[in-house]
Protein chains: 2
Amino acid sequence: MATIGEVARVAGVSRSTASYALSGKRSISADVRRRVEDAVRELGYTPNAGARALATSQTRVIGLLAQFLEDEFAPAMLQYMLGVSNTARELGYDILLGTEADGRSALRRMTSSRMVDGIVLLNVAEQDDRLPILREAIQPGALVGLPGDCTGVDVFDLDFEEAGRVMVEHLRRLGHRELILVSQPQHVIERGGAYVWRLQNAALEAARLSGITLHAEFGSSHQPEVGRELNALLDAHPSATGLLINNEAAAAALPSVLHARGLAAPADLSVVGRYSDEFARTFSLPYSSIESAPDRLGRMAVRELVRRIEGQVGPDEPHVVRFVSPELVDRGSIGAPPER
Amino acid sequence: MATIGEVARVAGVSRSTASYALSGKRSISADVRRRVEDAVRELGYTPNAGARALATSQTRVIGLLAQFLEDEFAPAMLQYMLGVSNTARELGYDILLGTEADGRSALRRMTSSRMVDGIVLLNVAEQDDRLPILREAIQPGALVGLPGDCTGVDVFDLDFEEAGRVMVEHLRRLGHRELILVSQPQHVIERGGAYVWRLQNAALEAARLSGITLHAEFGSSHQPEVGRELNALLDAHPSATGLLINNEAAAAALPSVLHARGLAAPADLSVVGRYSDEFARTFSLPYSSIESAPDRLGRMAVRELVRRIEGQVGPDEPHVVRFVSPELVDRGSIGAPPER
DNA sequence: CTCATTCGTCGAACCGGTTCGACGTTGGAT
DNA sequence: ATCCAACGTCGAACCGGTTCGACGAATGAG
C-alpha cells in the first residue's frame, strides 16, 4: 500500500513537501502541487489513520456508547444511534460503537487508549456509573439524557417536565377529568431513569392544580406482560377517559389491547404517547404523541461535541444543558371525553 | 498521559524490556516483570491504539457496514448489528460503524486508511456495489446475505430456498390447498434482494409439485400501505387458508389487519412468517415463523472473519459459504384448514 | 546595487508503540 | 576448567504520518 514516502518519491519531492502539498499548510508551487496530486492518484494513496492519529493526536472518530439492557426497548434506542452516526459522518467523523452491557469498560477502553476524540453517551441515568470515568478522560463528552450531576459534560434531553404538563393540559382543556398514566417499569426507574419521574411528577402536579384525577402506574417493557397490565389498568379505572403513555412497549401493545376491548380512540378514550414520529410509523401507532426527537437530540449532541473537539469551544467555557421542547404531534387520537 | 517510555523509566528498564514484559513475547525475570506491572498500575498506563496500530498493522477494530435504506425495516437490521457487535467484543475487537447510504465511500474510507482489520457487510444484495471495493481491499470480508458472486469473501445467510419449502410443506401436510405469500416490496428485489426470489421461487416450486395454489405477491415496507395491501390480498383470495409472510413490515401490520377482519389464526387462517424470535416478541406477533437467526448469522460472520484476520485460516484457503437451516418456531398459528 | 523579505523546499525530529540483533551472564555438560 | 546454549536486557530501527527550523532563490524596496 502506498505511503506518503512513495508519493514523495514519485513526485520527486521530499516527504514533508508532499505532506504540505496535501494539507495546504504551507505555500507550495503550482507545479509541485500538481505532481504530488498526480502521484496520489497514480498510487491510490490514502493516509494511514493510525499514523496520522499518532502524529496529530486526533483520530476523527467519536465513541458511541449504547447499552441494550434487558428492560430497554431496543427499536427506540436505534433512532438515537442513527441520529448520532449520521451527524458524525456529515461532520467528517466515524463512529466507534460500544454496545456491551458493561459500558464502563467500553468507555475506559476507548478513552484511555485514545481511539476516539470524543464520546457520546446514550440513555444516561440519574446516577450513571459511566460518568465518573468520562470526567476523568481527556476527551470531551456529550450526553443524551439528564444525569443528576452535569458538570464537565454537555447534556441534551427532552424537557420531560414540560411534556408531562402538556399531556395533561391538552386533555384538561377538552374536558377530561380522570386520566391514566403508564410509565416505564419500576426497575428502569430504580436504575436511574429519572426522566420517568420527571414526566410523572410534572403530570401529577399539573393534574392536581387543575383538579384532575391522575392514576400513575408502571408498566413492563415487554410483551405479553405489558398488554395484560394495560387491560388491568383499564379495568381498574373504568371511568378514566384519557390514557397517557410514557413507555414504548406499552405504546406498541396498545392497538391490539384497545381492539380486543372494542375501544376506539378518541371516541371512547383519548390517548397521548411519548415517542418519536418514526417510532409511530414503524409500529403503526395512530395515537397523538409528544415527539421524543431522538434524531434531533443525537444531532445536537454530536454538533456540540465536535465544537469542543475542534476547539471552537474552549475547555474552560461552561458546558451546555439543553432541553428540547415537547411538541404534540396530532394523529387524531385526542377528543372530548364521551358523555356519561 | 503515560507512555511506555515513562513506564520503563519508573520501572528502571528500557522501553523494549517494558514492552516485552507486557507482551510476554520474550522471557523476562520475575523481578522486572513485577516492577513493570507496578509502574503500569501506578501511572495508569494504557497503550496508545494509534501507535500500536502503526507498529503492528493491526487495529483490533472491525468495520460494520449497515445501510438503513428507505425501504428497509430498521428494527430488523438492528438485531444483525447487535449480533456482530457483541461477538466482536467477545473476541477482543471493537466496531467501527458505517450507516451512510453510500456504503461504498464508507467502505473505501475504512479499508484504505487502515482503520479496520476486517469488514462485515450486512444486507448484501445480489449485485452489491460494495463488493468490488471489498475485494480490492487488503482486509478480509464477511457478508451476511448471499451475493451473486461469492469469490474472495466469506458468506453467511439463511437458507431461503429451504425456508420457502418448509413453509409450504408444513401447510400441505395439514391439508391446506391454497396459500398466499407476501414478499418484500418490488424495489427491494430490484435493488438486488435476491433472497426474496429464493424463498418465493422455492415456495412456488414446492407448491407446484404438491398441487397447491400459491398466490405470490409483493408488499410495501411501510405502514399504512402494507396494511391496505394485506386487506386487498385477503379480499382477492377469499378461499386461501394459509398466509406466508416474507416481509417484516407486513408481519408487524398483520395482527391489526386480522383483528379488523375478525379473523383468528389458526381457526380461520394459518399464518407462517419469516422473522426472528426477538422480532416476534418486540412486535407481539403470535404467528409461527421461520427463525431468521440474525444474531447467529452475525456471530458466524464475525467468528470466521476473526479467524481470517488472525491467520488461523490462510489467505489461500477457500472461502466459506454457509447457510443456516430454517427452523420453524411454533407459536400455534398453524392448523388444519377450516371445513368448507 | 544591496539588503531584507517572502516563498518554496528540505532534513530532521517527533508521536508511541514493537521487534530485531547483539551482548553480557549464568548454568550445565563435558 | 572450558565451551556452548539459554536467558534477560538493551539500543536502534521501524511503522507512516506531521511539523519545526533552516536555507537557498527569487522578489521588492530603498
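Naming: A, B, ... by sequence-line order, numbering from 1 per chain.
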* Asked: More than 12 foreign heavy atoms under 6.0 Å from CD of B:E136: is that the case here?
  -> no
* To do: Take atom CD of B:Q58 as the centre, draw a 6.0 Å sphere, and report whether it contains more than 12 heavy atoms from other residues, nucleotides or ligands.
  => yes
* Asked: Mapping B:R26 and A:R15 onto DNA chain D by nearest heavy atom, which one lands closer to the 5' end?
  -> B:R26
* Identify, between B:A30 and A:G50, the residue whose nearest nucleotide on DNA chain D lies closer to the 5' end. => B:A30
Looking only at side-chain atoms of [X], point me to the closest of [options].
X: A:T17; options: D:dG16, C:dC10, D:dC10; result: C:dC10
X: A:S14; options: C:dG11, C:dG16, D:dT18; result: C:dG11
X: A:S27; options: C:dG8, D:dT19, D:dC7; result: C:dG8
X: B:A55; options: C:dG11, D:dG17, C:dG17; result: C:dG17

* Taking the nucleotide of DNA chain C with the closest heavy atom to each, which residue, A:Y20 or B:S23, is nearer the 5' end? -> A:Y20
* Asked: Are A:R308 and A:D154 within salt-bridge range, i.e. N to O under 4.0 Å?
  -> yes
* To do: Report the residue from B:L143, B:L121, B:D102 that forms a side-chain contact (heavy atoms from CB on, under 4.5 Å) with B:R130.
  => B:L121
* To do: Note the angle between the end axes of the helix from C:dC1-D:dG30 to C:dT30-D:dA1, five pairs defining each, rounded to 10 degrees.
  => 40°
* Hey, does A:S29 reach any base, or is it just sugar-phosphate, or nothing, if we go heavy atoms under 4.0 Å? -> sugar-phosphate
* Asked: Between A:R52 and D:dT18, is there a side-chain N or O to OP1/OP2 distance below 4.0 Å?
  -> yes
